[in-house]
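In what follows, chains carry the letters A, B, and so on, assigned in the order in which the sequence lines appear, proteins first and then strands, with residues in each chain numbered from 1.
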Amino acid sequence: MSEFLLIFISAILVNNFVLKYFLGICPFIGVSDEVTASLNMGMAVTFVMTLTAPFVWLINTYILARFNLPFLEYVTDIIVIASLVQLVEMFIKKYSRGLYNTLGIYLPLITTNCAILFSALFLVLRNYNFIQSIIFGFGSGIGFTLAIVIMAGIREELEYADVPKPFKGAAITLLVAGLMALAFMGFAGMPSA
Amino acid sequence: MKENVLVKDTLKGLWDENPVFRQLLGMCPTLAVTNAAIFGLSMGLATSFVLLCSSFIISIFRKVFLHEVRTASFVVIIATFVTIVDLFLKGNYPEISKALGPYIPLIVVNCLILARQEAFASKKPVLRAIADALGMGIGFTIALIMLGSIRELLGSGTVFGFRILSLIAKGGWFRPWGIMLLPAGAFLTLGTMIGIINILSEKNSKNRSVVEERRQH
């Protein structure tokens with residue numbers, strides 16, 4: 001049990017996907033100017049990430065490893081992600097209009113969110129088992145959500161700050177992200193999985 | 001005339017539409033692998049190769065793709081070329097392959113590549129698609145080398161492994177800025193560079209408009 005907790009916490013704080021591995025930077029800069037929008041984006045990412053982890057694990061263990069086809073990993077991973085995203089989109093469009101309205105526009109973007117593919121590759125690299133994979137996927141998603149929501153909170157305040165004109169937008173966002181990464185380095189001393 | 005268009009397609013990737021500094025595409029590898037100039041160069045070349053090959057293929061078959069599944073089809077083609085690059089690096093340059101680690105497979109979802117397919121290669125003839133991919137690839141590589149050189153210089157006093165600043169530990173004067181090699185340094189460097197480039201291009205466009213005004217008078 002403590003081992004699962006360790007994977008979960010370290011995926012959120014110590015090895016935060018955005019601030020340690022630079023994953024999902026495009027939505028991190030693009031969507032993070034409003035708290036609600038970035039919370040929705042984070043939820044969509046967490047949802048898809050938790051779902052892809054078990055599928056990728058099953059395909060890797062029972063098909064690719066068994067038939068000795070590891071070089072197909074990238075192609076199968078990306079197909080799993082793309083088709084899952086498509087499936088989720090169709091499913092919530094049919095069954096939950098409200099959820100579709102909040103998550104809908106972010107779902108197509110998620111196919112090319114590098115955080116998802118990275119989590120798929122990472123759980124194979126780390127030799128996680130089935131349950132560990134799901135927990136890792138979920139924790140990474142929460143970590144992404146945490147970073148993007150904090151960023152959105154800061155950027156909402158930045159609206160009122162007197163930022164030099166050439167630094168407005170992407171430049172100041174990156175500088176703020178740098179300071180956040182510095183703060184998150186404080187977690188590096190924690191035990192991690 | 002036709003050559004003129006090709007040259008224009010190539011050159012726009014270098015400055016006016018530089019993928020990293022102006023379009024903010026492909027940020028993940030830009031930030032992640034640039035703690036040394038050599039890694040920036042390798043990542044830039046790997047990405048350019050994938051971009052060039054997939055632009056070529058997708059431009060040839062641009063009329064075949066179904067509209068609804070085009071993104072998925074593009075991604076599968078890109079993933080194939082990424083696998084080739086990955087195996088090539090693993091076989092010939094195991095050290096670089098190890099250092100870049102999972103960021104090589106992440107070229108699959110590099111938004112720069114997909115964006116060029118979506119915006120250019122899937123609509124334009126083959127030659128123009130190649131010119132565009134070449135320009136974007138070179139622009140991306142240059143940006144990565146710049147970023148990598150700055151971080152390597154300030155973080156360990158070397159550029160491409162050559163010592164430029166002598167370290168205190170070896171009787172010199174320079175105390176390396178450890179932060180430049182860490183994630184935070186990547187964000188700070190890129191943020192500062194984008195700001196500086198905005199200042200420069202603003203000055204440029206002001207000069208241009210002054211010259212044009214004078215011409216008109």
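The heavy-atom pair separating A/Leu117 from B/Pro105 by the smallest distance is CD2-O, 3.8 Å. The shortest non-hydrogen separation linking A/Leu174 to B/Gly191 is CB-CA, 3.7 Å. Residue B/Cys28 comes nearest to A/Cys114 through the heavy atom pair SG-SG, 2.7 Å, listed as atom of the first residue, atom of the second, then distance. Between B/Gly195 and A/Ala171, the shortest heavy-atom contact is N-CB, 3.8 Å.
Atom CG of A/Leu72 and atom OG1 of B/Thr83 lie 7.5 Å apart (nearest 0.5 Å). Here the CG atom belonging to A/Leu182 is positioned 10.5 Å from the CZ atom belonging to B/Phe187, to the nearest 0.5 angstrom. Separating the CG atom in A/Leu19 from the CG atom in B/Leu182 is a distance of 13.0 Å, to the nearest 0.5 Å. Once rounded to the nearest 0.5 Å, the distance linking CG of A/Leu179 with CG of B/Leu188 reads 6.0 Å. Rounded to the nearest 0.5 Å, atoms CZ (A/Phe22) and OG1 (B/Thr30) are 10.5 Å apart. One finds the CG atom of A/Leu175 at 9.0 Å from the CD1 atom of B/Ile194 (value rounded to the nearest 0.5 Å).
Contact of B/Ile199 with chain A is made through backbone and side chain together, with heavy-atom distances under 4.5 Å. The contact between A/Leu23 and chain B is made by backbone and side chain atoms together, counting heavy-atom distances below 4.5 Å. Looking at A/Ile79, only its side chain comes within 4.5 Å of chain B, counting heavy atoms on both sides. Both the backbone and the side chain of B/Thr192 come within contact range of chain A, each with at least one heavy atom under 4.5 Å from a heavy atom of that chain. Using a 4.5 Å cut-off between heavy atoms, A/Met185 contacts chain B through its side chain alone, with no backbone atom that close. Contact annotation for A/Tyr21: both backbone and side-chain heavy atoms come within less than 4.5 Å of a heavy atom of chain B.
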B/Val109 vs A/Phe118, side-chain contact (heavy atoms from CB on, under 4.5 Å): CA-CA, chis, key distance, verdict:
CA-CA 10 Å; B/Val109 284; A/Phe118 188 85; over 6 Å; no
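Chosen from B/Ile196, B/Ile179, B/Asp86, the residue pairing most often with chain A at heavy-atom distances under 4.5 Å is B/Asp86. Counting heavy-atom pairs under 4.5 Å between each of B/Ala79, B/Ser201, B/Ala184 and chain A puts B/Ala184 at the top. Of the listed residues (A/Ala181, A/Ser83, A/Ala183), the one with the most heavy-atom contacts under 4.5 Å to chain B is A/Ala181. For the set B/Asn110, B/Leu106, B/Asn198, the count of heavy-atom pairs under 4.5 angstrom toward chain A peaks at B/Leu106.
In A/Phe138, the CZ atom is not crowded: 12 or fewer heavy atoms of neighbouring residues, nucleotides or ligands sit closer than 6.0 Å. Around atom CZ of A/Phe47, no more than 12 heavy atoms belonging to other residues, nucleotides or ligands sit under 6.0 Å away. The number of heavy-atom neighbours closer than 6.0 Å to NZ of A/Lys168, taken from other residues, nucleotides and ligands shown, is above 12. Environment of OH in B/Tyr93: sparse, with no more than 12 heavy atoms of neighbouring residues, nucleotides or ligands closer than 6.0 Å. Heavy-atom contacts from other residues, nucleotides or ligands closer than 6.0 Å to CZ of A/Phe4 number more than 12. More than 12 heavy atoms of other residues, nucleotides or ligands sit less than 6.0 Å from atom CZ of B/Phe65.
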